[in-house]
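See below for the structure under consideration.
Chain letters run A, B, ... following the sequence lines, proteins first and then strands; every chain starts at 1.
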Protein chains: 2
Amino acid sequence: MNAPAPLILLVEDEPQMRRFLRVSLEGSGYRYLEAATGQEGLALAAQHRPEAILLDLGLPDMDGLDLVARLREWSQTPVIVISARGQESDKVAALDAGADDYLTKPFGTRELLARVRVALRHAGPEAEEPVFVLDRWRVDLAKRQVLVDGREVHLTPLEYSLFTTLIRHAGKVVTHRQLLKEVWGGAAGAQPLYLRVYMTQLRHKLEEEPSRPKYLQTEPGVGYRLFTES
Amino acid sequence: MNAPAPLILLVEDEPQMRRFLRVSLEGSGYRYLEAATGQEGLALAAQHRPEAILLDLGLPDMDGLDLVARLREWSQTPVIVISARGQESDKVAALDAGADDYLTKPFGTRELLARVRVALRHAGPEAEEPVFVLDRWRVDLAKRQVLVDGREVHLTPLEYSLFTTLIRHAGKVVTHRQLLKEVWGGAAGAQPLYLRVYMTQLRHKLEEEPSRPKYLQTEPGVGYRLFTES
DNA sequence: AGGGGGTGTTAAGAAGTCGTTAGGAAATGG
DNA sequence: CCATTTCCTAACGACTTCTTAACACCCCCT
């Protein structure tokens, strides 16, 4: 349902500034990586494919602009340059080297985060649709749509929730207790009887022979499972 | 072989600043358009599809942030905001409203041009017509115009917002919560009842058989969706 | 062969949600 | 300032979904 938090790479050698950036990003729920040198930064970028890069110029081992140029050989990841130098020529050089933004120290946390959001917005909506396909079934989790043989089948909220819970644990047995908890919520009152009723309904809507289920299988005394061949 | 020079739209009411920007852009070989008001700016943007927009806040007729929001309803064209106000909160507000960069006056020509180059770099491959077509419906997002069988149908602001929200998520189920948030704004007080009333109105204005909607479908207990045949 | 636990099936009432209408409040535009 | 449009709210019938109960079934065990 919810995508993981965007990953951001910090390339910064100064411990103090690094701490500041780390706290800012962490407080906003981003995942982050750190590199203290240009080499390390490039390696981490290649290895983890962050969704944005914060780059402080003035690294010990290589020129920041070279880093951007090297990165741009294979990646379009947005780069926000951070620098103490506010000269116009510095900004122009960095932006023309391939950086996407240029922030001059000192700057505020809120502006930094706003510019990070812009960068992430640019990173593009690379949202591949989570679609579960099994034999004649096609379940589009994003659209909340279930197709059987290309024909749409309507599921009620509980039916859909039960079905997607089984899909999430496809192939594995899910216990009665776990199903009741995930579908009906931890609250009390949920009875194993519900499962039998709704499994029946699901089978009638989805299985070819509801009385001889091929995929929505019972694991007697334990729970149910969605059988995925082999 | 060689594409025409990128087209840039200036939205600026101050004659002096306009002259400065014009000279800067012209000297770099860009084509440009000028607008002195927000209304004119929106119209020109819709008509000529510039590849980037330079927007001065503090226009006479409308708030600059509203202009960005209106533009973002149908276009992803990069917007560089220019402002005399350097407050961090101003920058954050503009960037979060959809702007891509924020320049505080005074600024140098070379930095401006460098940031324009960044913006043009971002400007992706040819945006398609900002028109949504489905069966007998034709919605021009730029003109805010809805046609049914070629006949214009008038929608109130809320109706239009609700409709375009469904269009933006065409095919997907949009939950009550999400619709209320996107159409009525995150603020409190929005009730699911609103949705029922406005969906009824939309169906009467847009559907052939309002009581048997073909496209504006209800997903009981979950939300609504704009049905686009699989 | 006869229980008995767990399971499948069906149906009907209860609970909740939705569609529709209309009228008054609020905002808009001249 | 008034006319018009738009928005909010309440009420109620119609519909969908959920819960619950009753009963049939099947396999295993003694």
Side-chain angles (χ1 to χ4, degrees), chain A residues 144 146 152-163 165-166 173-177 179-180 182-185 187-225 227, chain B residues 39 61-63 66 144 146 152-166 173-177 179-180 182-185 187-225 227:
Chain A
R144 195 195 182 279
V146 179
E152 175 159 14
V153 170
H154 176 75
L155 299 185
T156 72
L158 279 180
E159 288 165 359
Y160 183 80
S161 174
L162 176 59
F163 189 35
T165 300
L166 289 171
V173 177
V174 190
T175 64
H176 299 133
R177 175 193 306 273
L179 283 172
L180 289 170
E182 295 196 28
V183 177
W184 273 264
Q191 300 174 32
L193 166 61
Y194 299 170
L195 291 178
R196 281 184 270 139
V197 172
Y198 280 95
M199 284 303 295
T200 297
Q201 287 175 189
L202 275 183
R203 283 169 179 154
H204 274 83
K205 288 184 174 182
L206 303 174
E207 290 273 7
E208 205 154 14
E209 291 181 89
S211 58
R212 208 175 304 270
K214 196 170 162 192
Y215 298 110
L216 295 169
Q217 293 187 341
T218 301
E219 211 66 38
V222 185
Y224 297 89
R225 81 160 145 180
F227 181 75
Chain B
Q39 290 298 339
D61 63 330
M62 70 187 290
D63 183 14
D66 284 347
R144 290 189 149 222
V146 179
E152 175 156 13
V153 169
H154 174 74
L155 299 185
T156 72
L158 275 180
E159 287 166 0
Y160 182 81
S161 174
L162 176 59
F163 188 36
T164 53
T165 300
L166 289 171
V173 175
V174 190
T175 64
H176 300 130
R177 176 193 306 273
L179 284 172
L180 289 170
E182 295 196 27
V183 177
W184 273 264
Q191 299 175 31
L193 168 61
Y194 302 171
L195 291 178
R196 282 185 271 144
V197 172
Y198 280 93
M199 284 303 295
T200 298
Q201 288 175 187
L202 274 183
R203 295 207 257 239
H204 273 83
K205 289 183 175 182
L206 302 174
E207 289 273 6
E208 203 155 14
E209 291 181 89
S211 58
R212 205 179 308 265
K214 197 171 163 193
Y215 298 109
L216 296 169
Q217 292 187 340
T218 301
E219 209 66 37
V222 184
Y224 296 88
R225 79 162 154 175
F227 182 77

Closest listed nucleotide, where the reference is the side chain of A:Pro157 and the choices are C:dG8, C:dG19, D:dT17: D:dT17
Between C:dT9 (P) and A:Met199 (CE): distance, integer Å: 10 Å
B:Thr200 side chain near C:dC18 phosphate (N/O to OP1/OP2, under 4.0 Å): no
Atom pair distance, as rounded to whole Å: CD in A:Glu207 and C1' in C:dG8: 14 Å
Whichever of A:Pro220 and B:Leu193 has its nearest DNA chain C nucleotide further upstream toward 5': A:Pro220
B:Leu155 vs B:Tyr194, nearer the 5' end of DNA chain D by closest nucleotide: B:Leu155
A:Arg196 side-chain N/O to C:dG6 phosphate OP1/OP2 under 4.0 Å: no
Phosphate-side-chain proximity, B:Thr218 and C:dT17, N/O vs OP1/OP2 below 4.0 Å: no
Phosphate-side-chain proximity, B:Thr156 and D:dC7, N/O vs OP1/OP2 below 4.0 Å: yes
B:Gln191 vs D:dC8: side-chain N/O to OP1/OP2 distance below 4.0 Å: no
Distance test, side-chain N/O of A:Tyr198 to OP1/OP2 of C:dG8, below 4.0 Å: no
Contact under 4.0 Å: B:His176 side-chain N or O vs C:dT17 OP1/OP2: no
Any B:His204 side-chain N or O less than 4.0 Å from OP1/OP2 of C:dG19: no
Ring geometry between B:Trp184 and B:Tyr194 (parallel below 30°, tilted from 30 to 60°, perpendicular above 60°): tilted
B:Trp184 vs D:dC7: side-chain N/O to OP1/OP2 distance below 4.0 Å: no
Side chain B:Arg225, main chain B:Leu166, donor-acceptor under 3.5 Å: no
Donor-acceptor contact below 3.5 Å, side chain A:Gln201 vs main chain A:Tyr198: no
Length of the CZ-P vector between B:Arg203 and C:dT21, whole Å: 12 Å
Under 3.5 Å: donor-acceptor pair, side chain of B:Glu207, backbone of B:Leu202: no
B:Ser161 (side chain) donor-acceptor with B:Pro157 (main chain) under 3.5 angstrom: no
Sugar-phosphate only, base, or nothing, as touched by A:Tyr160 at under 4.0 Å among non-hydrogen atoms: nothing
Contact under 4.0 Å: A:His154 side-chain N or O vs D:dT16 OP1/OP2: no
Sugar-phosphate, base or nothing in reach of B:Pro192, heavy atoms under 4.0 Å: nothing
Spacing between A:Gln201 atom CD and D:dT19 atom P, to the nearest angstrom: 11 Å
Rounded distance in Å - CZ (A:Arg212) to P (C:dT9): 11 Å
Protein-nucleotide distance (B:Glu219, atom CD; C:dG16, atom P), rounded to Å: 21 Å
Side-chain donor or acceptor of B:Thr164 paired with backbone N/O of B:Tyr160 under 3.5 Å: yes
Protein-nucleotide distance (B:Leu180, atom CG; D:dC7, atom C1'), rounded to Å: 15 Å
Sugar-phosphate, base or nothing in reach of B:Leu195, heavy atoms under 4.0 Å: nothing
For atom CD of A:Glu209 and atom P of C:dT9, their distance in whole Å: 12 Å
